[in-house]
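Data block below; observations after.
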Amino acid sequence: MTRADFLVVGGGIAGLSAAASLVRHGKVIVLEAEDAPGYHSSGRSVSFSHYGIGNAAVRGMTAWSRPFFERQPEGFSDAPVSRPMQTLYMGDLDELPALQALYGEMSRFTDAVEWIDAERLRALCPAVRTGPGGAERAILDPTGIKLDADALLQGYARALKAGGGELLTRRRVEHVEPGWTVRTDTGERFTAPVLVNAAGAWADRVAAMAGVAPLGLQPKRRTIIVVDPPAGAHVEEWPFVHAIAGDFYMLPEAGQLLVSPADEVDDEPSDAAPEDYDVALAADRLERYTTLSVRRIAHRWAGLRSFVADRTPTAGFDDAAPGFFWLVGQGGYGLQTAPAMAAIVEALAAGGAWPEGLAALGVTAGTVDPERLRRGGSSQSRAT
Ligand SMILES: Cc1cc2nc3c(=O)[nH]c(=O)nc-3n(C[C@H](O)[C@H](O)[C@H](O)COP(=O)(O)OP(=O)(O)OC[C@H]3O[C@@H](n4cnc5c(N)ncnc54)[C@H](O)[C@@H]3O)c2cc1C
């Protein structure tokens, strides 16, 4: 039996970032089922940080997390974890109210967001279909940040190790006893007074093993296709382009274009795979929103974005199971909120101070408290 102060189930961005903070307070062991961290959602993200997504609490966490990405701690990673990339939301004239609403919400967190017309939109991304039948207005956030998910995962794993913690891969937790003692598929047993459930889409299943009532986590599948850019285009200078209708986005990556129909299909916890229908939808939307035509799909994948009912990332002890700590529901923003969520875990699970400045951004312990979901309450305003 191996003893620790904190056992973390799940070596995605949530588990690793939390573990890298908890290691300041005791011995931490992260148990990850797969061969490598980030095999599931965290390695399938398009890895962006911006204010266009999520509710007010998500935006608050995003704002709080930005300095970490912009000025990564010394020694965190040999590679930069982020680089600037503009992002925009576009729509036709009928969609102006939706653009205005998003502008209002984003403006609460950044004064950089600006309105642009079709001409400026074409200058930023010549492939976008503009004018009647296409986009006529857009809001541009020049302060978007492209993240490097791999560098972040490796950085957090490095910080964990430097603090004396351990990331053990190929250890699937199969049995959990209150107290907390877990047994993995290797037959090993680990014990700690605090169990952090950061199992992503599987978190309700881990809770079931522990005899803890579920939070009603819903994994939703999202599909990405990778297409070749048009000949001669400098796509690396293109922004991250979203349709305000919420049914299309496109961004450059390593000289190619990542495209999604922004699908949200209910799924089971699994090694998510893209369905032909959603791949075709991605290609169709690309041809609808841009003047590009899809000749070849170079690559495709799908990943799960797991949400709780109010779509607010959730962290806190379960009232009915002392020492059982939930870290779930990161939805489509688990990377961009990871520094804030890790600081929240440190405050709540290790008795640290509430992260400075986070309450002023509208995020308190009540906002993320798992018990709000049991009460059927919602911590924040409109979910997107
Ligand atoms: C297509 C797509 C695009 C996205 N784009 C963005 C974006 O631009 N910005 C952003 O911030 N977020 C984005 N996201 C969301 C982001 O990827 C997730 O919010 C985040 O990865 C969730 O992290 P996690 O650690 O909770 O989950 P995961 O990365 O899935 O980690 C959970 C881990 O738990 C492990 N596990 C499960 N059960 C057990 C067990 N019994 N024993 C041991 N280990 C177990 C799993 O193997 C897994 O590795 C995107 C997601 C997708 C799919």
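Each ligand, and each atom within it, is numbered from 1 in the order the structure gives. What you see is a predicted model; the values in this text were computed from it and never measured.
- The nearest protein atom to atom 52 (C) of ligand 1, hydrogens excluded, is given as Arg305 CG, 3.7 Å; this is a heavy-atom distance.
- Taking the six-membered ring where the residue is Trp, His299 and Trp301 present tilted rings, their angle falling between 30° and 60°.
- Checking each of Asp278, Asp266, Asp263 against Arg221 for a side-chain hydrogen bond (donor to acceptor under 3.5 Å, both in side chains) leaves exactly one that passes, namely Asp278.
- If you check the side chains of Thr367 and Thr364, you find a donor sitting under 3.5 Å from an acceptor.
- Each of the following atoms of ligand 1 lies closer than 4.0 Å to a heavy atom of Trp202: 37 (C), 38 (N).
- In this structure, Phe76 and Tyr156 have perpendicular ring planes: the angle between them is above 60°, well past the 30° mark.
- The atoms of ligand 1 that sit less than 4.0 Å from any heavy atom of Gln330 are 19 (O), 26 (O).
- By the criterion of a heavy-atom distance under 4.0 Å, neither the backbone nor the side chain of Arg205 is placed next to ligand 1.
- Annotation: atom 33 (C) of ligand 1 to nearest protein heavy atom, Glu32 OE1, 3.5 Å.
- Between His50 and Tyr89, the ring planes are parallel. Angles under 30° get that label, and only those over 60° would be called perpendicular.
- Nearest to atom 17 (O) of ligand 1 among the protein's heavy atoms is Ser41 O, 3.2 Å.
- With hydrogens left out, the protein atom closest to atom 23 (O) of ligand 1 is Ser42 OG, 3.3 Å, a heavy atom.
- The same ILVMFWY cluster, assembled from side-chain heavy atoms under 4.5 Å apart, contains both Val328 and Phe324.
- At a 4.0 Å cut-off, not a single heavy atom of Gly38 sits close enough to ligand 1 to count as contact.
- Shortest contact from atom 45 (C) of ligand 1 to any protein heavy atom: Ala33 CB, 3.9 Å.
- When hydrogens are left out, the protein atom nearest atom 42 (N) of ligand 1 is Val173 N, 2.9 Å; that is the closest non-hydrogen contact.
- The shortest contact between atom 9 (N) of ligand 1 and any protein heavy atom is with Phe48 O, 2.9 Å.
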